[in-house]
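To start, the structure under review is shown below, and the notes come after it.
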Amino acid sequence: MSDTATAQASQRDAPDPPPRSGRRPARIRFARLRDLVLVPAIVGIAVIGQLVSPVFLNRDNLINILQTMSEIALLVLAQTLVLVAGRMDLSLESTFGLAPGIAAWLTVAAGAGHGLGVLSGVWSVPITLLVGVLVGAANAVLIVRFGLNGFIVTLGMLIVLRGLLTGISGGQTFFGLPSSMMYLGTAVWLGLPASVWLCLALFAVGIVVLGYTRFGRALYAIGGNADAARAAGIRVERVLTIVLIVASVLAALGGLLLSGRLASVAAAQGNGYIFTVFAAAVIGGVSLNGGKGTVFGAFTGILLLYLIQNVLTLASVPAQWIGALNGAIILIALVLSRITSGKAQD
Amino acid sequence: MSDTATAQASQRDAPDPPPRSGRRPARIRFARLRDLVLVPAIVGIAVIGQLVSPVFLNRDNLINILQTMSEIALLVLAQTLVLVAGRMDLSLESTFGLAPGIAAWLTVAAGAGHGLGVLSGVWSVPITLLVGVLVGAANAVLIVRFGLNGFIVTLGMLIVLRGLLTGISGGQTFFGLPSSMMYLGTAVWLGLPASVWLCLALFAVGIVVLGYTRFGRALYAIGGNADAARAAGIRVERVLTIVLIVASVLAALGGLLLSGRLASVAAAQGNGYIFTVFAAAVIGGVSLNGGKGTVFGAFTGILLLYLIQNVLTLASVPAQWIGALNGAIILIALVLSRITSGKAQD
Amino acid sequence: ACGDSGGAGASADGKPLVGVDYPRSDTDFWNSYIKYTPQFAGELGIDLKTTNSQNDVAKLTANVQTFISQGVKGVAMAPQDTAAVAPTLQQLEAKKIPVVTVDTRPDTGNVFMVVRADNRAYGEKACQFLGAKLNGAGKVVMLQGGLDSINGRDRTEAFNDCMKKNYPNITVFGEATNWDGAVASQKLQTRLTEHPDIKGVYMQSSFALAGTKQLLKQRGLLVPPADPKHVFVVSNDGIPQELKDIAAGEIDATVSQPADLYAKYALSYVKDAIDGKTFQPGPTDHDSTIIQVRPGLLEDQLQAPLVTADGATYGGVPSVKSDDKSLWGNNLS
Amino acid sequence: MSDNRDAAPPVVEATKISKRFGSTVALRDAGLVVRPGQTHALVGRNGAGKSTLVSILTGLQQPDAGRLRFGGRPAPRINDRDGWRREVACVYQKSTIIGSLSVAENLFLNRQDRGRAGLLDWPGVRRRARELLATYGVDVDVRTLAGDLSVERRQFVEIARALSFGARFIILDEPTAQLDAAAIARLFSKIRELQAQRVTFLFISHHLQEVYDICDTVTVFRDARWIVTAPVAELPRADLVAAMTGDAGGLTAARERPAVDAAATPTLQVRDLIGDNFAELSLDIRPGEIVGVAGAGGSGRTELAETIVGLRRPASGTTTVGGAPVKPGDVGAGLAAGIGFVPQDRHRQGFVADMSIADNATMTIAGRLGRAGLISRRRTGAEARAMIESLAIKTTGPELAVRALSGGNQQKVVMARALASHPRLLVLINPTAGVDVRSKEFLLSKVDEAADRGTAVLVASDELDDLRPCDRVLVLFQGRLVAELPRGWHDHELVAAMEGLNRHV
Ligand SMILES: Nc1ncnc2c1ncn2[C@@H]1O[C@H](COP(=O)(O)OP(=O)(O)OP(=O)(O)O)[C@@H](O)[C@H]1O
Ligand SMILES: Nc1ncnc2c1ncn2[C@@H]1O[C@H](COP(=O)(O)OP(=O)(O)OP(=O)(O)O)[C@@H](O)[C@H]1O
Ligand SMILES: O[C@@H]1[C@@H](O)[C@H](O)OC[C@H]1O
Ligand SMILES: [Mg+2]
Ligand SMILES: [Mg+2]
């Protein structure tokens with residue numbers, strides 16, 4: 001969606017600072033200035049949080065926040081890749097439920113956990129990821145091969161996949177998952193939940209791939225101007241296929257983490273997440289028009305949203321007013337951070 | 001979101017047939033060939049519907065379909081206007097609930113209906129529409145004046161407004177609405193529900209405005225290329241402000257119709273509708289990139305979705321498989337209609 | 001409360017700190033519960049921390065983490081996904097924080113007490129009432145809740161089972177509505193068009209109340225019970241509007257799900273747990289029975305009476321009159 | 001020597017190529033043979049099919065029929081982008097710069113330097129980018145977003161990129177349309193350098209002089225067909241134009257213009273205007289007068305014109321049209337005051353690509369096409385058909401999307417939009433960019449006609465052809481008025497003034 005009407009010319013990112021002289025070894029910068037737009041808002045929320053409750057800055061509470069956001073953060077990462085390439089994938093939220101759902105269905109014993117129990121539990125993780133690959137490939141065939149509109153395809157896919165999960169589960173929750181399915185969602189490595197490590201690591205990989213590889217830059221090029229990218233020799237179809245598959249696999253992985261943490265797969269797992277996912281990415285500076293935004297920015301986006309949630313929870317805001325407050329804070333945070341960063345947006 | 005990667009050059013709409021020679025009297029064409037893409041799918045669904053249940057083509061059943069879709073159709077109309085102008089308004093779904101919600105809150109007697117009862121019932125309709133105007137104006141100020149990203153603003157607005165409704169209602173449903181609020185949602189004119197008349201009339205107006213007025217042309221121009229529109233003297237800011245306000249008022253009106261039909265305003269009224277709204281518009285050929293699509297197309301989009309729903313209900317599909325089937329049918333209908341229309345999409 | 005031992009969880013005045021998670025805030029039933037909770041906390045001398053998990057078990061889990069960080073001594077929750085709470089319950093158990101679940105019973109894991117009413121009984125009561133009113137023949141529509149809700153499923157299954165067994169000549173059209181009034185109205189409208197001779201409606205929740213009435217009214221079917229065109233409507237929850245409608249003859253019955261007692265006993269059991277009390281299966285002092293549903297899991301099954309205009313007995317199910325002062329819906333301030 | 005040349009297989013040989021778009025035939029059995037070391041000009045009127053052939057020669061589109069060979073070998077498979085890139089580098093007519101990426105990245109897209117661990121070496125990329133641009137004398141920070149560059153600089157980035165591949169065959173589709181004289185000179189010296197290294201060029205331009213300046217062979221296309229291929233020396237200008245247009249009539253000589261009534265109140269009065277890139281300018285244009293504003297890139301001529309029409313807001317100063325002050329920085333107000341204009345960058349500001357010719361051309365006069373805000377389709381169609389006819393726009397009809405037109409025809413639509421409102425003041429920025437010789441003449445004659453009807457005209461351009469019909473030409477240098485040349489100037493006078501030499505005023 002283009003919000004290009006207002007003062008195009010003034011909307012560009014401010015140019016980088018002038019080059020420093022001298023040679024430096026190749027190094028990786030995780031964030032550039034324009035990615036830090038949300039930092040003031042995050043700091044602001046943190047300060048308010050600490051005022052609201054001394055628990056806020058507790059190590060435990062901070063870990064909680066990171067852990068609770070880790071699964072959806074993978075969806076945000078996935079969507080960021082797709083958005084940068086100028087597409088969108090709505091079906092991610094249903095892959096997030098369906099992938100572990102199918103794994104549970106096939107591996108959980110019939111009877112109590114109402115699975116089919118036709119496969120041994122060790123297959124559950126490979127199956128989860130495989131479902132991710134298949135969904136991504138199906139999207140890619142319809143969008144890249146047949147040239148169908150990506151929004152429509154993935155919307156249809158979203159409904160189909162969500163429906164499939166309801167179908168195979170009869171709307172019920174799968175529990176009694178095989179232990180291999182639970183591992184990543186529950187393990188603790190060096191005092192931090194494995195899912196937090198995994199999430200941070202994947203974001204770091206995302207930052208490097210998007211900023212420092214030809215593949216990553218090809219995504220920006222395609223999102224910025226697919227014709228020009230093609231003219232520059234980028235294999236647009238192949239890159240798009242890969243990114244759609246990778247995104248679905250990330251979604252499947254995210255779903256696996258959540259299933260592990262909740263020791264179950266609910267028929268509604270992931271429902272409605274796509275909204276938050278888009279919000280986080282866009283708030284974090286990723287453009288719905290493609291070609292713009294960074295993985296680091298997207299991370300600050302989802303972090304901000306979860307910090308706000310946490311602070312509201314700690315504040316024991318009356319249940320009916322949480323929604324309004326949540327929205328108001330998001331709006332204010334955005335307005336402030338965009339105003340302080342001094343530029344109109346697109 | 002641009003799905004431009006695949007073979008740009010081949011994606012353009014086929015040029016219209018060459019102008020027929022000779023003079024034709026001025027008349028309004030409600031649909032042009034490219035708007036009729038969904039018609040085969042609609043016919044297909046109708047045939048299946050009739051096979052599934054002889055009730056399907058009953059006058060009553062068809063009226064039901066039109067009536068149940070009439071309220072959300074107004075949201076689709078509203079979103080279509082906004083999309084054509086190159087923006088999107090997520091907050092429409094919450095305006096749909098909040099506008100009649102505030103009217104009910106102010107006019108329903110305290111006590112049983114837990115309203116405030118501070119205003120007489122005759123005010124309820126004006127208040128509903130006024131809330132629409134205010135929400136639209138707030139969106140316009142943030143987006144058009146301050147140049148904030150429309151997706152983010154309206155997303156924030158969506159959460160705030162939804163939260164506000166929960167807040168003022170305490171999460172409860174407003175019952176016992178004043179009769180003026182119920183009128184449009186319940187009245188029957190010439191054997192058809194008033195809401196159906198209203199909906200059809202507003203779509204007709206939409207077709208005329210978008211196709212045959214300066215204002216409508218301006219929307220396409222702004223959505224297609226805002227700079228060029230500005231350079232042609234179109235007052236981009238003003239047009240956008242107007243369209244955002246009109247859209248919100250349409251949403252408020254839609255909400256009023258539903259409240260009337262259900263004789264109540266639930267705290268969750270409208271929740272999740274925006275998804276269906278986007279789906280209908282995009283399926284109906286409206287582009288998320290702005291500048292493309294027609295009101296008639298959007299109408300066929302929402303009609304298709306509701307026909308599918310109706311057929312599935314009549315077919316008594318097992319509840320757990322309704323979702324999957326619904327999605328599959330949508331996907332197939334789209335793929336088929338796009339393939340038969342013989343062009344890739346953007 | 002970070003890092004401090006001992007004193008945590010009890011405020012200066014010595015009141016125990018209890019966390020209550022509300023499952024959602026956008027429905028009439030749960031909002032009554034939300035209103036009652038602080039009221040009973042006051043009466044019981046409890047300090048409250050409250051959260052709202054908005055029907056999302058992942059949020060519930062996060063909220064419970066927050067409770068733990070804040071040092072609560074006990075937790076009351078109403079997990080709408082009864083399987084997925086298991087790890088959360090384990091964690092609370094490990095921290096020795098007692099839990100009372102309201103409205104739902106966890107599929108696995110231990111809690112101190114389950115406070116709920118028998119949702120299967122709701123379905124059965126509705127079935128018996130409709131069966132009796134229709135004299136065992138005709139068509140009824142069941143507007144179900146969400147497929148993913150244990151309560152919804154219990155109500156659906158019990159209603160279907162009871163109909164099959166006792167009233168085989170009644171045809172039931174079950175419609176999934178996802179607890180959404182607009183969807184419910186849409187499906188009912190389709191069914192009424194298809195089968196104009198539908199004589200009964202069972203709504204599994206008060207969400208569908210206004211829309212259903214409005215639809216019947218539009219079709220001229222909202223007529224007194226004596227009229228042969230009358231369609232019998234049974235609702236569920238017992239919110240004030242339902243009671244009013246029963247008295248007015250617009251709907252015929254509801255099952256009063258005790259929002260007040262849910263709040264009251266959830267909190268009082270949490271307090272009892274903190275105080276170290278224990279319970280055994282058997283009748284309670286408040287007209288209910290504690291049953292052991294599985295080893296280590298006790299459930300206080302509160303009364304959820306059928307409410308009708310006349311307070312008569314239907315198909316063996318006794319009912320109370322809609323103006324009965326014992327109904328929570330008649331006592332809301 | 002020439003025998004020798006003919007013996008080597010042609011760099012590219014396209015035979016019987018056909019391509020249709022819907023009902024439009026863009027190429028019909030067209031052919032082209034480019035031999036090693038040639039600088040081969042491809043000329044033809046707007047819509048003749050030149051760019052379509054380019055996209056086929058570079059593998060962006062597949063022909064419906066025909067055969068394509070490079071150096072005697074069959075063309076690479078359509079998906080083998082690297083294969084195509086080995087054969088040919090190209091500056092497309094339509095920009096392939098990605099505005100959201102930095103200049104450096106655009107230059108080395110998909111071939112960035114890789115450092116340790118295969119990761120991109122950004123400092124290296126930037127260094128190479130700086131070096132590359134330096135050889136063209138383009139002075140930009142390589143980390144600016146390409147979208148922020150001026151049109152000229154963007155074009156240079158495009159050219160520099162194409163030439164930097166080290167390809168032995170380079171296609172340039174109207175590379176000079178957006179460049180000023182100095183930039184063209186730099187480009188040509190670069191091309192000559194490469195010619196010396198026997199790099200082969202296919203060069204497309206509507207500036208026929210350039211064909212004679214640097215090409216050795218020329219091919220003419222007309223109406224989607226190949227017409228002739230000949231050494232440039234054997235095809236004098238008149239014959240070339242005849243081959244392009246299909247008629248024998250050469251170019252008409254500049255028409256005498258009636259004298260401007262010096263006593264008439266000026267239509268446009270600009271007083272002490274200070275704006276982006278120019279300072280304290282005052283000028284008057286009388287009814288029926290055509291005034292040129294010349295200047296090299298960066299002289300402020302474009303900015304001045306854009307400020308007058310309201311696309312830019314001046315820092316101070318006033319503009320009055322027909323005696324009434326015009327609200328600064330407001331195109332709508334300018335339009336209402338009777339200004340019609342052709343913007344510099346037609347793609348960005350000139351038209352809405354997906355809207356029809358009719359809708360685009362009538363955008364400024366929507367108010368006249370019906371009552372009460374309504375627009376009569378019939379009148380829109382009639383107006384548009386009239387414009388298509390009067391400007392000779394090559395199209396299947398008024399309902400065709402502007403996107404489907406060739407570049408020159410798109411420019412005509414923009415001109416049509418400017419003329420549609422019968423303006424009192426016409427402001428034209430590079431009005432004939434990308435327009436073929438005959439159409440150029442034709443468009444300028446339309447400007448003349450408008451002036452005859454009393455319209456005041458301001459032409460901001462560095463194209464001598466555009467400036468020749470002007471009654472007088474004001475020359476800007478670094479934002480200041482440095483010369484005013486009355487009609488009848490010699491090219492070298494004007495060029496010198498534009499370069500800031502011999503100041504006149
Ligand atoms: N991580 C990255 N992600 C995306 N683009 C990058 C990244 N690093 C460098 N670039 C590209 O390089 C340009 C300038 O980069 P950067 O600001 O890192 O320069 P610098 O390190 O300060 O300069 P120098 O290397 O000359 O000292 C950017 O506009 C961008 O195109
Ligand atoms: N994508 C397309 N869809 C429809 N028609 C097209 C398309 N591309 C080109 N055409 C048509 O094909 C014909 C040839 O166009 P082309 O761009 O090759 O002309 P050209 O010779 O390059 O003209 P110019 O000198 O104006 O650039 C034109 O009539 C044009 O309208
Ligand atoms: O009675 C219902 C309750 O049990 C469910 O959990 O939420 C919706 C209510 O109407
Ligand atoms: Mg061309
Ligand atoms: Mg051209």
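Protein chains get the first letters and strands the later ones, always in sequence-line order, with residue 1 at the start of each.
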So which part of A:I330 gets closer than 4.5 Å to some heavy atom of chain B, the side chain, the backbone, both or neither? side chain

If you compare all heavy atoms of B:I152 against all heavy atoms of A:L331, which two are closest, and at what distance to 0.1 Å? O-CD1, 4.4 Å

For chain B, which residues of residues 265-272 of chain A have at least one non-hydrogen atom nearer than 4.5 Å to it? none

When every non-hydrogen atom of B:I168 is compared with those of A:W321, the smallest separation belongs to N-CH2, 3.8 Å

For B:L142, is it the side chain, the backbone, both, or neither that has a heavy atom closer than 4.5 Å to a heavy atom of chain A? side chain

How long is the span from the OG1 atom in B:T276 to the CD1 atom in A:I159, to the nearest 0.5 Å? 7.5 Å

So how far is it from B:N289 CG to A:N289 CG, rounded to the nearest 0.5 Å? 6.5 Å

Part of B:I329 lying under 4.5 Å from any heavy atom of chain A: neither

Do you know which of B:G167, B:G291, B:G170 has the most heavy-atom pairs with chain A at a distance under 4.5 angstrom? B:G167

CA sep, side-chain torsions, deciding dist, call: B:L155, A:F275, side chain to side chain contact (heavy atoms under 4.5 Å, CB included): CA-CA 9 Å; B:L155 177 67; A:F275 234 72; 3.4 Å; yes

Name the region of A:L158, side chain, backbone, both or neither, that has any atom closer than 4.5 Å to a heavy atom of chain B. side chain

Taking atom CG of A:L164 and atom CD of B:Q320, what is their separation to the nearest 0.5 Å? 11.5 Å

